[in-house]
2 protein chains.
Amino acid sequence: MTKALERREKQRADLILSAERMIATRGLAGLKTRDLAREIGCANGAVYNLVADVDELVLRVGSRTLLRLDEALSAAVRAGNPSPKETLVRIAIAYCDFAAENLQLWRALFEHRMETEKALPDWSVDDQLQLFRHIYQPLAALLPKRDAEELGITARSLFSAVHGMVALGLEQRLVAVPLPALRKEIASLVRAMIDGLVAQAA
Amino acid sequence: MTKALERREKQRADLILSAERMIATRGLAGLKTRDLAREIGCANGAVYNLVADVDELVLRVGSRTLLRLDEALSAAVRAGNPSPKETLVRIAIAYCDFAAENLQLWRALFEHRMETEKALPDWSVDDQLQLFRHIYQPLAALLPKRDAEELGITARSLFSAVHGMVALGLEQRLVAVPLPALRKEIASLVRAMIDGLVAQAA
DNA sequence: AATATTTCTTGAACGATGTTCAAGATTGCT
DNA sequence: AGCAATCTTGAACATCGTTCAAGAAATATT
């Protein structure tokens with residue numbers, strides 16, 4: 001019994017890694033159960049012994065991506081010892097860089113939601129909220145008069161604004177923006193947002 | 001000959017309207033050629049006489065949506081005669097309201113891009129760039145020292161930031177944000193961005 | 001007006017794809 | 001070794017977008 005379960009877990013891990021590789025190279029739409037089955041060496045039907053459906057598979061890959069994103073943002077905060085304002089700029093730039101370097105996996109994070117209506121499992125929701133904590137602390141230092149709830153909302157807004165710039169900036173359909181220019185733009189607008197918020201609070 | 005072409009055009013218009021209705025009620029994923037054919041009264045294969053493929057259909061619906069969005073933003077600018085700063089706030093709020101009121105159609109605008117790699121036809125690209133002109137003018141008044149290219153980039157960044165707030169704000173997966181709170185947040189952050197940009201320029 | 005030619009429309013068929021399931025193979029327990 | 005529980009298989013199903021040969025309709029020609 002232990003042997004079988006071990007093998008199962010091993011294959012499950014293989015499956016998720018294969019799915020991750022496949023999304024990274026061919027995009028979310030390029031993820032096919034039959035190709036996955038061939039890659040990990042099993043029948044296509046066997047995929048459903050390892051995972052309930054592709055939705056779960058995508059969410060598991062997404063969870064890994066969020067983890068790596070979290071690490072990237074943590075590293076950006078850790079480097080040097082800048083002011084709260086520059087910390088927030090670094091986080092934004094790090095988010096942009098991560099998205100550019102993991103374009104397809106990062107996109108999959110947001111593309112997938114639209115397709116299914118069913119609620120997300122808890123293990124998937126938790127990760128997402130963790131991201132805001134990187135923003136929360138520097139923001140609290142800059143806006144000492146705001147209470148925790150206000151800070152949470154503002155942190156989310158700040159994140160969303162940067163996300164929008166990255167999302168539309170990395171889109172090739174509109175005018176293609178070279179990555180260095182995008183980074184500069186993001187840094188500039190983040191500084192503007194922070195300056196504006198601090199000025200409003202004064 | 002003219003009679004047949006007329007009928008064709010009529011049916012083409014019907015098809016696009018049906019597609020629009022279908023996306024609005026069932027989402028982009030709910031758009032099915034067989035259902036469309038039944039609605040406009042023709043065989044499913046006949047859809048491909050009116051339109052090259054579903055991609056084109058989605059783009060045509062998107063074009064209509066962008067037109068209505070443009071009108072909504074124009075109306076927001078027209079109302080009253082506020083300062084450039086408040087004009088930009090109104091545009092942002094109008095964008096948020098439009099997205100909320102036309103949720104599925106608005107989402108389809110951005111969901112669709114990911115799926116196809118082929119370049120967009122010109123008639124579809126043009127509309128998108130027009131949106132920035134609403135932002136450009138008030139921004140030029142606020143930042144008189146910036147040249148046209150810089151203003152264009154900043155206008156796009158501002159739009160992207162607001163788009164991000166709306167996109168993640170209207171997402172139900174994360175913490176659900178009530179619409180009035182979202183509008184308030186957007187107004188607040190737009191004012192902060194503008195204040196910050198103006199202060200930087202000084 | 002009758003016929004020929006071009007064009008359009010049809011709906012069956014194709015190829016993909018996610019998912020299911022009964023039958024066969026494998027594993028774990030006594 | 002033998003039995004029961006479990007897992008694996010790959011064929012089958014349903015649902016898509018899309019294509020296409022054949023029949024219907026419209027247009028052009030005589």
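Reminder, nothing fancy here: chain letters follow the sequence lines and each chain counts from 1.
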Taken to the nearest 0.5 Å, the spacing of B/Thr65 OG1 from B/Asp70 CG works out to 12.5 Å

Proximity to DNA chain D (any heavy atom under 4.0 Å), residues of residues 11-22 of chain B only
none

Salt bridge check, A/Asp14 against A/Lys10: does any charged N sit closer than 4.0 Å to a carboxylate O?
yes

Residues at least two apart in sequence or cross-chain that pass ring-ring contact (aromatic ring centres under 6.0 Å, His included) with B/Tyr136, listed by chain then number, are none

Estimated bend of the helix from C/dA1-D/dT30 to C/dT30-D/dA1 (axis per five terminal pairs, rounded to 10 degrees):
10°

For the residue pair A/Phe159 and A/His134, is the inter-centroid distance of their aromatic rings smaller than 6.0 Å?
no

With under 30° as parallel and over 60° as perpendicular, where do the rings of A/Tyr95 and A/Trp106 fit, or are they tilted in between?
perpendicular

Hey, could you give me each pair passing side chain to side chain donor-acceptor pair (under 3.5 Å) that has a residue in residues 137-149 of chain A? Not counting sequence neighbours.
A/Arg146-A/Thr154

Rounded to the nearest Å, what distance is computed from the CZ atom of residue A/Arg38 to the P atom of nucleotide D/dG10?
13 Å

Determine, stepwise, if the pair A/Glu71 / A/Arg68 fulfils salt bridge (charged side-chain N to carboxylate O under 4.0 Å, His left out).
CA-CA 5 Å; A/Glu71 285 167 9; A/Arg68 291 193 301 118; over 6 Å; no

Output the rounded distance in Å from CG (A/Leu36) to C1' (D/dG10).
17 Å

Measure the distance from CG on A/Asp35 to P on C/dA16 and round it to the nearest whole Å.
11 Å

Output one letter per nucleotide in nucleotides 11-20 of chain D: B when a protein non-hydrogen atom lies under 4.0 Å from the base, S when only the sugar-phosphate is that close, - when neither is.
BB---BBBB-

Test side-chain hydrogen bond (donor to acceptor under 3.5 Å, both in side chains) applied to B/Arg21 - qualifying residues, sequence neighbours left out:
B/Ser18, B/Glu39

Distance test, side-chain N/O of A/Asn49 to OP1/OP2 of D/dT8, below 4.0 Å:
yes

